[in-house]
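Model, not experiment: these values are computed from the prediction. Chain letters run A, B, ... following the sequence lines, proteins first, then strands; residues in each count from 1.
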Number of protein chains: 4
Amino acid sequence: MTSTRPLRSDAARNRQLLLAAAADEFAAQGLDASVADIARRAGVGKGTVFRHFATKDDLIAAIVLDRINALNAVGDELLDATDPGAALLEFLTAAARQRQQRDLSFLRQAGELDAEVTQANTKMLRTIDGLLDRAREQGAVRADITAVDIVLLMCAPNHVTSHLPDAPPELWQRYLAIIFDGLRPQGAHPLPQPPPTAP
Amino acid sequence: MTSTRPLRSDAARNRQLLLAAAADEFAAQGLDASVADIARRAGVGKGTVFRHFATKDDLIAAIVLDRINALNAVGDELLDATDPGAALLEFLTAAARQRQQRDLSFLRQAGELDAEVTQANTKMLRTIDGLLDRAREQGAVRADITAVDIVLLMCAPNHVTSHLPDAPPELWQRYLAIIFDGLRPQGAHPLPQPPPTAP
Amino acid sequence: MTSTRPLRSDAARNRQLLLAAAADEFAAQGLDASVADIARRAGVGKGTVFRHFATKDDLIAAIVLDRINALNAVGDELLDATDPGAALLEFLTAAARQRQQRDLSFLRQAGELDAEVTQANTKMLRTIDGLLDRAREQGAVRADITAVDIVLLMCAPNHVTSHLPDAPPELWQRYLAIIFDGLRPQGAHPLPQPPPTAP
Amino acid sequence: MTSTRPLRSDAARNRQLLLAAAADEFAAQGLDASVADIARRAGVGKGTVFRHFATKDDLIAAIVLDRINALNAVGDELLDATDPGAALLEFLTAAARQRQQRDLSFLRQAGELDAEVTQANTKMLRTIDGLLDRAREQGAVRADITAVDIVLLMCAPNHVTSHLPDAPPELWQRYLAIIFDGLRPQGAHPLPQPPPTAP
DNA sequence: AATGAATGAGGCTTCATTCAT
DNA sequence: CATGAATGAAGCCTCATTCAT
């Protein structure tokens, strides 16, 4: 599915419809939104979902992959930004905005999925490493933070606000700001645990 | 548990067994761990679960209630601590240690549940308010942080580490430290969004 | 249980309490009222129900037996009545009043139960035969009716009114009257099917 | 079935299979025949039952609706019959034949179910009113009988025979004849209770 | 002898997935 | 290719019955 067949015009359209519908439905109902609901929202038959994604998990993985790739694109552009500190914040902002509303933490589920997601994740780590290095050089970020730290903290703002029934849609910005302040060198205290390794 | 019947000798034991088993199972498999699995882990029959908790949701609520009450107890003691900043950190540490390993964020689901949990939550907010006031006076915490902020951020360290398949059990301390650094006055930047109100 | 042990004073009381409570509960909720509900209504523990009646079916059988015996007593007295036609109507009235409100047609279920009920049923048939013979002689009842017919038609008035959600409590009298008119010789048409035999 | 979708070729067949199987199973085991048994008898999977009838109650309602509609069709034709008295008897015969063997008195349960059944019931009352008026004019039926009486008495013949373990399949005709004789003007005695109102 | 805790079979229902149309 | 019908495993829950207290 990486680059097998070019995929016919309307089949490609259905695929996009489905990814969008699934993302919406998962956002609205959580990870156990039913395939039937997704199909209905996409305006296609239930069977069509399985023609495009052999498994519900595959569908989830595809969404995750899409998101990581989009983030990677953003990240790559930001590597050339003039203000590295602002660039890193921008990256985290982009990440949070993506998951708006509800925390789509299928990341874990998807982590068990093969090749593509893992690969995209690895690439993301490299990109973040780049952003981080530059920000650190600039003194915008404390020294004891690694790319894995960033990946993990990335989900926090959305998760945190998901506990509030009627949170205003941009509330995550508040918590991203707090966390980002925690990443600055000013007032940084030594960290009690070493950074984790593999993502 | 409010103040109904004393509960017979062994029934009480089973109730505790079940609460523990359920917490474990939820931690291991997420919120949709099956009642059957919980019963099996507790070493009782499936029916026994329902004798103690009329509904799966009731079981969840009971766990949540237990935890909130425990936290409230810790919090109340910490109100008398000599170092208010350390006390707040201590409180957050206790909270995170409770959820060890995996993020038990049924809090939201349970929030919709009746009287007792809501009430305990309200009390927790008041307790945190107390801790926060004192820490703020001492200059250990920035001024623009509210008790609701704390409640929301409380879950973050565990959630964050839950994305790592084989995270070391104490890794959450690292992220709690980072977040707590974000709560300090040093290096604090103005927050882009106002604090949310009702929990 | 026929006449084994005299049954201690309060045990006998509990037995009556249970029979009454069960009859009420069955009348109120239908045949699948739970044993727990019955016990609660009787004000005893669930276990006590099973001490008195080994099985839910046994409990039902006991109720049925009680009722049949009561009817038999009424029937025996009516054998000496001066107006045989009125006596038969009286008997049917007594039968219907017993089942007031809801049709307790456990008769069938109970029919599968051994000795006692069967025996009481047989006796009832004989009693009805007596009532019927005398009424027939008097010309109050058509000739082609048998005791089994009476036994079967006995349940009809209550059953019929049970289909009305808010039937007035004495409505069954209306249908008993209609059916009884159908048993009179005046305007009787030949019956298309022979009378059934064994009850 | 109201007027939604045409229903695909084989789906329609399964629907009929299910209705038939359900009626059989209910007749054989009473109203709490299990959905699993019904599915097995229909030769389909358990899930298929729920594809066609969202709920066990819906299935029951569908059966009831089918039957009432069929009866209504019969009744409408009989409105044009030459002998009104015979027509009414014919109607009651059709009703009883439908429920052959065992009394399917889900009518009450279904009465609580929405629109369609209620509506069909109302129509049935009107039809019976028509049959009754004409029979009364002809002097074939006593004056104090209402359509609701007929609806209620309709179930009696089958119910009555259901208490006999091995009743011959046409035995209900005997009791219908007796009851119908009770509806004739000859030998009618005044009724002790007024007719009920709403069905 | 009574109580109520424990049990597990069985009921209804949902849902991912397969398959005939 | 798309559709939606069919399937059966699995989930939550109820309840008659047994058993320790």
Side-chain angles (χ1 to χ4, degrees), chain A residues 8 10-11 14 32-40 42-59, chain B residues 5 7-15 17-18 32-40 42-59, chain C residues 7-8 10-11 14 32-40 42-59, chain D residues 5 7-15 18 32-40 42-59:
Chain A
R8 238 168 271 180
D10 59 338
N14 267 352
D32 34 315
S34 82
V35 172
D37 284 348
I38 293 172
R40 197 173 311 122
V44 304
K46 216 183 333 180
T48 305
V49 180
F50 288 94
R51 167 160 302 278
H52 286 278
F53 308 96
T55 254
K56 191 185 177 182
D57 282 346
D58 284 355
L59 170 55
Chain B
R5 48 253 144 96
L7 214 51
R8 217 204 268 176
S9 54
D10 59 337
R13 195 180 120 272
N14 269 350
R15 189 177 201 278
L17 270 171
L18 275 169
D32 34 313
S34 87
V35 171
D37 285 347
I38 293 172
R40 197 172 311 122
V44 304
K46 211 184 340 173
T48 303
V49 181
F50 292 99
R51 152 160 290 278
H52 287 277
F53 308 96
T55 259
K56 191 186 175 183
D57 282 347
D58 284 356
L59 169 55
Chain C
L7 216 49
R8 237 168 275 183
D10 59 338
N14 268 351
D32 32 312
S34 82
V35 172
D37 285 347
I38 293 171
R40 196 173 311 122
V44 304
K46 218 184 332 182
T48 306
V49 181
F50 289 95
R51 168 161 303 279
H52 287 278
F53 308 96
T55 254
K56 190 186 179 183
D57 281 347
D58 284 356
L59 170 55
Chain D
R5 47 257 143 98
L7 215 51
R8 216 206 267 176
S9 56
D10 58 336
R13 195 179 120 275
N14 268 349
R15 189 177 202 278
L18 276 170
D32 35 314
S34 85
V35 171
D37 285 348
I38 292 171
R40 197 173 311 120
V44 304
K46 212 181 344 175
T48 304
V49 181
F50 291 97
R51 153 159 289 276
H52 287 277
F53 309 96
T55 258
K56 190 186 177 183
D57 281 347
D58 283 356
L59 170 55

At under 4.0 Å, does any side-chain N or O of [X] touch on OP1 or OP2 of [N]?
{"X": "A:His52", "N": "F:dC1", "value": "no"}
{"X": "A:Thr48", "N": "F:dA2", "value": "no"}
{"X": "D:Thr55", "N": "E:dT13", "value": "yes"}
{"X": "C:Arg51", "N": "E:dA2", "value": "yes"}

Find the distance [X]:[atom1] to [N]:[atom2] and express it as a whole number of Å.
{"X": "D:Leu59", "N": "E:dT13", "atom1": "CG", "atom2": "C1'", "result": "14 Å"}
{"X": "B:Leu17", "N": "E:dT7", "atom1": "CG", "atom2": "P", "result": "11 Å"}
{"X": "C:Phe53", "N": "F:dA16", "atom1": "CZ", "atom2": "P", "result": "15 Å"}
{"X": "D:Ile38", "N": "E:dG10", "atom1": "CD1", "atom2": "P", "result": "17 Å"}
{"X": "C:Lys56", "N": "F:dC15", "atom1": "NZ", "atom2": "P", "result": "9 Å"}

What nucleic acid atoms does [X] come within less than 4.0 Å of, heavy atoms only: base, sugar-phosphate, or nothing?
{"X": "D:Ser34", "value": "sugar-phosphate"}
{"X": "B:Lys46", "value": "base"}
{"X": "B:Asp32", "value": "nothing"}

### Summary
The correct list of stems in which DNA chain F takes part (3 or more consecutive Watson-Crick or G-U pairs, distances under 3.5 Å) is E:2-21 with F:2-21
#### Entry: Residues which pass side-chain contact (heavy atoms from CB on, under 4.5 Å) with C:Ala54, listed by chain and number, not counting sequence neighbours
C:Asp58
### Message
Quick check on DNA chain E: between D:Phe50 and B:Gly47, whose nearest nucleotide comes earlier from the 5' end?
### Response
B:Gly47
